[in-house]
Amino acid sequence: MSDSADSRESVNFLEAIIREDVEAGLHGGRVLTRFPPEPNGYLHIGHAKSIALNFGLAARFGGKTNLRFDDTNPAKEEQEYVDAIIHDVRWLGFEPARILFTSDYFEQLYEWAVALIRSGKAYVDFSTPEEMAAQKGTPTQAGIPGPYRDTTPEENLALFHKMQAGAFREGECVLRARIDMAHPNMHMRDPIMYRIKHAHHHRTGDRWHVYPMYDWAHGQSDSIEEITHSICTLEFAPHRALYDWFIEQLGIFPSRQYEFARFNLSYTVMSKRKLLQLVTEGHVRGWDDPRMPTISALRRRGFTPESIVDFATRIGVTKRENMIELSLLEYCIREDLNRRALRRFAVLDPLRVIISNYEEGREEWLESENNPEDTDAGHRLLPFGRELFIEQEDFMEDPPSKYFRLSPGGMVRLKSAYIIRCDGVDRDAEGKVTALRCTYFPESRSGQDTSGLKPKGVIHWLSVPHSRVAEVRLYDRLFTVEDPSAESDFRQVLHPESLVIKPDARIEPALADTRAGDKFQFTRLGYFCTDPDSTLEKPVFNRTVTLKDTWAKVADR
RNA sequence: UGACCCAUGGUGUAACGGUAGCACACCGGAUUUUGGUUCCGUUUGUCAAGGUUCGAAUCCUUGUGGGUCAACCA
């Protein structure tokens with residue numbers, strides 16, 4: 001009975017495949033997956049899906065996951081990226097069973113290549129890239145054999161050894177698998193296995209002059225590690241035939257490849273090329289600019305690893321093209337931070353309030369909850385006095401109906417403090433409001449309110465003399481359109497106000513000793529995270545995400 | 001003028017021949033000293049046409065639409 005309940009449980013197609021394999025006793029029920037990044041850039045949220053998928057799937061079946069760096073191209077890869085990637089994977093909460101490098105297998109790969117040459121399954125080709133492209137045909141037209149296809153194994157062997165010995169210039173020749181130039185799958189038309197590069201490799205130094213191509217390294221690395229399920233994105237599906245062919249020719253451990261659809265996130269770009277362009281052209285401040293979809297940027301912006309993994313899980317796994325709404329990511333981080341973040345008061349655009357009937361020089365320390373979702377979080381004390389700051393947005397001289405905040409003659413509750421009424425305004429020479437003249441109701445103090453007054457609005461506030469200056473960075477979507485990649489030039493749709501800096505925001509005293517990475521909810525404003533640029537003299541906060549704002553919707557109508 | 005993959009509300013994803021469900025978004029309501037949170041509810045969907053079947057989102061056929069494939073990148 002529990003059996004049928006299990007089989008009815010909803011699982012994605014990959015989990016279903018693995019479950020069948022495990023139940024059939026494939027590889028003794030052992031599951032080993034891998035996450036195989038190329039160390040030529042930083043991880044982004046798309047990688048987080050792959051990481052969560054590979055580690056999650058394996059863990060579900062008592063298996064493990066290797067982190068393997070696909071470092072077959074010495075021209076593009078660097079140790080700096082290796083370190084950053086390891087850091088990001090661990091930060092997300094996953095511990096690789098082993099940390100490995102495709103370059104660890106260069107020797108074995110070379111031996112296997114020699115074996116294929118000996119059996120006439122690979123040959124050295126001196127054709128130019130143009131000649132090779134011409135021989136290769138097109139997707140709708142079969143290719144034709146080139147002039148080097150029937151060189152003898154002995155000659156090919158000698159040539160290949162010379163390639164590795166450094167006897168040829170880069171680009172002079174390549175080693176190709178000998179499969180079928182007329183195959184309907186382009187990848188089977190004698191794909192290149194090795195090219196010559198006289199470059200310094202970040203791990204193997206100057207030992208090699210030939211470097212394996214992806215197709216001749218990836219599947220073999222999977223096989224060497226005895227990866228049971230090699231999970232990759234859809235664009236590699238046509239490579240699967242080659243993946244299987246090499247493994248079969250070599251008679252080695254039969255890893256199997258499965259493909260899923262990567263996801264697109266609305267209002268952002270995810271391709272490494274475009275991300276790099278944003279950085280190098282200065283559209284953002286760097287790879288960890290909080291507007292970027294990189295893991296390092298999300299971390300700096302204040303996303304928790306839990307929220308990212310939750311998101312990566314919620315979006316699901318299929319083979320369909322898809323566009324995930326940014327609002328889902330926002331939901332995930334709000335849900336997490338609502339439970340965990342301490343509430344603090346901050347005023348982004350200060351407006352001075354003078355409480356006329358509050359004695360000059362008097363001050364009170366009022367209690368306010370640190371987190372209404374978590375009573376264990378306790379309380380803090382907020383200083384109250386005659387001069388306060390409130391948010392400019394929380395006052396309107398001529399308010400529309402349903403505006404619950406302050407206006408001339410109107411009343412509002414200062415959260416955790418008193419109810420005040422606005423009696424008048426001070427103006428500068430241009431007529432701009434510079435301060436509000438208010439009276440407070442002493443008997444309306446929070447927790448002991450006997451005033452009988454019931455204002456509809458509640459706003460946050462700060463005591464002027466106790467408040468401190470802070471810089472607050474407000475982020476919005478980086479692009480103005482859902483799918484920037486569909487534009488002829490995605491840089492044309494950059495959002496001009498994706499970053500708005502408030503250099504003179506004010507914060508409450510309890511925020512004085514904040515450190516980089518601290519997360520708060522600034523009451524009524526959103527979730528914020530202390531930036532590494534922060535100093536004791538000048539704290540800097542990043543807005544992670546706003547609170548849901550029902551009023552903004554109403555006001556827009 | 002090829003091969004391969006895909007098609008379920010606005011978005012994403014379930015339903016393995018038997019009640020089309022869940023989440024986000026949206027809209028409405030209740031509660032609220034955060035216009036937050038929480039709770040309740042409404043609306044909205046099987047690409048099309050045939051076929052198989054007592055019964056089809058599911059199987060078959062043909063269309064239609066979308067995606068991928070021709071780097072000495074991964």
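Keep in mind that the numbers below use all heavy atoms, side chains included, and drop hydrogens, waters and symmetry copies. Within every chain, numbering begins at 1; the chains are lettered A, B, ... in the order of the sequence lines, protein sequences first and strands thereafter.
For A:Arg343, whose side chain is taken as the heavy atoms from C-beta onward, the closest listed nucleotide among B:U34, B:C5, B:U68 is B:U34. Side-chain atoms of A:Lys415 lie closest to B:U34 of the nucleotides B:G35, B:U34, B:C69. Side-chain proximity of A:Ile192 to the nucleotides B:C72, B:C5, B:U13 is greatest for B:C72. The side chain of A:Lys402 has B:G35 as its nearest neighbour among B:A23, B:U33, B:G35. Counting only heavy atoms from C-beta on, A:Pro184 has its side chain closest to B:A3 among B:C24, B:A3, B:U68. When each of B:A23, B:G67, B:U34 is scored by its nearest atom to the side-chain atoms of A:Glu321, the top-ranked nucleotide is B:G67. Here the nucleotide nearest the side chain of A:Lys553, chosen from B:C26, B:A74, B:A23, is B:C26. Here B:G36 is the nucleotide among B:C69, B:U11, B:G36 with the atom lying nearest to any side-chain atom of A:Lys548. Of all nucleotides listed (B:C16, B:A23, B:U68), B:U68 comes nearest to the side chain of A:Glu235. Out of B:A74, B:C69, B:G36, the shortest distance to the side chain of A:Leu547 is found at B:G36.
The number of heavy-atom neighbours closer than 6.0 Å to CZ of A:Arg256, taken from other residues, nucleotides and ligands shown, is 12 or below. By the 6.0 Å contact criterion, CD on A:Glu393 is open, its count of non-hydrogen atoms from other residues, nucleotides or ligands being 12 or less. Counted within 6.0 Å of CD on A:Glu20, heavy atoms from surrounding residues, nucleotides or ligands total 12 or fewer; the atom is thus considered open.
Rounded to whole Å, the C1' atom of B:U19 lies 41 Å from the corresponding atom of B:A3. Using C1' as the reference atom, B:A15 and B:U58 are 9 Å apart when rounded to the nearest Å. The separation of B:A48 from B:A7, taken at their P atoms, amounts to 14 Å, rounded to a whole angstrom. Nucleotides B:A20 and B:U13 have their C1' atoms positioned 13 Å apart, rounded to a whole Å. Nucleotides B:G63 and B:G2 place their P atoms 11 Å apart, quoted to the nearest Å. Taking atom P on both nucleotides, B:C59 is separated from B:C24 by 30 Å, rounded to a whole Å. Taking the P atoms as reference points, B:A56 lies 23 Å from B:U44, given to the whole Å. Comparing B:G41 with B:U31, their C1' atoms are spaced 15 Å from each other, to the whole Å.
Taking a pair to require two hydrogen-bonding distances under 3.5 Å in either a Watson-Crick or a G-U wobble arrangement, B:G65 pairs with B:C6. Pairing partner, B:G41: B:C27, with both Watson-Crick or wobble hydrogen-bond distances short of 3.5 Å. Nucleotide B:U46: unpaired (no Watson-Crick or G-U wobble partner with both distances less than 3.5 Å).
A:Thr72 comes within contact range of the sugar-phosphate backbone alone, with a heavy-atom separation under 4.0 Å but no base atom that close. Counting any heavy atom pair closer than 4.0 Å across all strands shown, A:Ser127 reaches a base atom. Within 4.0 Å of A:His187, counting heavy atoms only, lie sugar-phosphate atoms of the nucleic acid but no base atom. Nucleic acid contact for A:Thr138: base, since at least one base atom lies under 4.0 Å from a heavy atom of the residue. Contacts of A:Pro372 with the nucleic acid, taken as non-hydrogen atoms under 4.0 Å apart, include base atoms. Nucleic acid contact class of A:Val317 (heavy atoms, under 4.0 Å, all strands): sugar-phosphate only. Here A:Gly143 lies out of heavy-atom contact (under 4.0 Å) with every strand. Among the heavy atoms of the strands, none lies under 4.0 Å from A:Tyr211. Nucleic acid contact for A:Gln521: base, since at least one base atom lies under 4.0 Å from a heavy atom of the residue. Note on A:Asn185: nothing from the nucleic acid sits closer than 4.0 angstrom, heavy atoms only. The residue A:Arg405 sits close to a base: some heavy atom pair falls under 4.0 Å. Among the protein residues, A:Arg314 comes within range of the sugar-phosphate backbone only, with heavy atoms under 4.0 Å from sugar or phosphate atoms but none that close to a base. In this structure, A:Pro191 reaches neither bases nor backbone, as no heavy-atom distance under 4.0 Å exists between it and the strands shown.
Rounding to whole angstrom units, CD1 of residue A:Ile390 and P of B:G35 are separated by 13 Å. Taking atom CE of residue A:Met323 and atom P of nucleotide B:G67, one finds them 12 Å apart after rounding to whole Å. The distance between atom NZ of A:Lys136 and atom C1' of B:A3, rounded to the nearest whole Å, is 15 Å. One atom, CZ of A:Phe69, and another, P of B:C73, lie 21 Å apart when rounded to the nearest Å. The distance between atom CZ of A:Arg169 and atom P of B:C72, rounded to the nearest whole Å, is 17 Å. For the pair A:Glu78 CD and B:A74 P, the computed distance is 16 Å after rounding to whole Å. A:Asp374 has its CG atom 17 Å from the P atom of B:U34, to the nearest Å. Whole-Å rounding puts the A:Tyr258 OH to B:C5 P distance at 15 Å.
You'll find the ring centres of A:Phe168 and A:Phe126 inside the 6.0 Å limit. Aromatic rings of A:Phe236 and A:Tyr243 (six-membered ring for Trp) have centroids beyond the 6.0 Å cut-off, not under it. A centroid separation of 6.0 Å or more is found between the aromatic rings of A:Tyr527 and A:Phe520.
The base of B:U1 has none of its N or O atoms less than 3.5 Å from a complementary donor or acceptor on the side chain of A:Thr140. Scanning atom types as modelled, one donor and one acceptor separated by under 3.5 angstrom connect the side chain of A:Glu373 and the base of B:G36.
A:Met181 has its side chain within reach of A:Gln135: a pair of non-hydrogen atoms, C-beta onward, lies under 4.5 Å apart. A 4.5 Å side-chain heavy-atom check between A:Ile390 and A:Arg405 finds every atom pair outside the cut-off.
With no hydrogens or angles considered, a side-chain donor-acceptor pair links A:Glu335 and A:Tyr331 at under 3.5 Å. A donor atom on one side chain and an acceptor atom on the other are not found under 3.5 Å apart for A:Asp215 and A:His187.
In this structure, A:Tyr214 does not count as stacked on the base of B:A74 under the 5.5 Å centre distance and 30° plane angle limits.
Of the side-chain N and O atoms in A:Arg524, none sit less than 4.0 angstrom from OP1 or OP2 of B:U33. Between A:Lys197 and the phosphate of B:C73, there is a side-chain N or O to OP1/OP2 separation shorter than 4.0 Å. At least one side-chain nitrogen or oxygen of A:Thr318 sits closer than 4.0 Å to the OP1 or OP2 atom of B:U13. Distances shorter than 4.0 Å separate some side-chain N or O of A:Arg195 from OP1 or OP2 on B:A74.
Sequence order on RNA chain B of the closest nucleotides to A:Tyr527 and A:Glu325 puts A:Glu325 first from the 5' end. In terms of position along RNA chain B, the nucleotide closest to A:Pro139 lies nearer the 5' end than the nucleotide closest to the other residue of the pair A:Pro139 and A:Tyr403.
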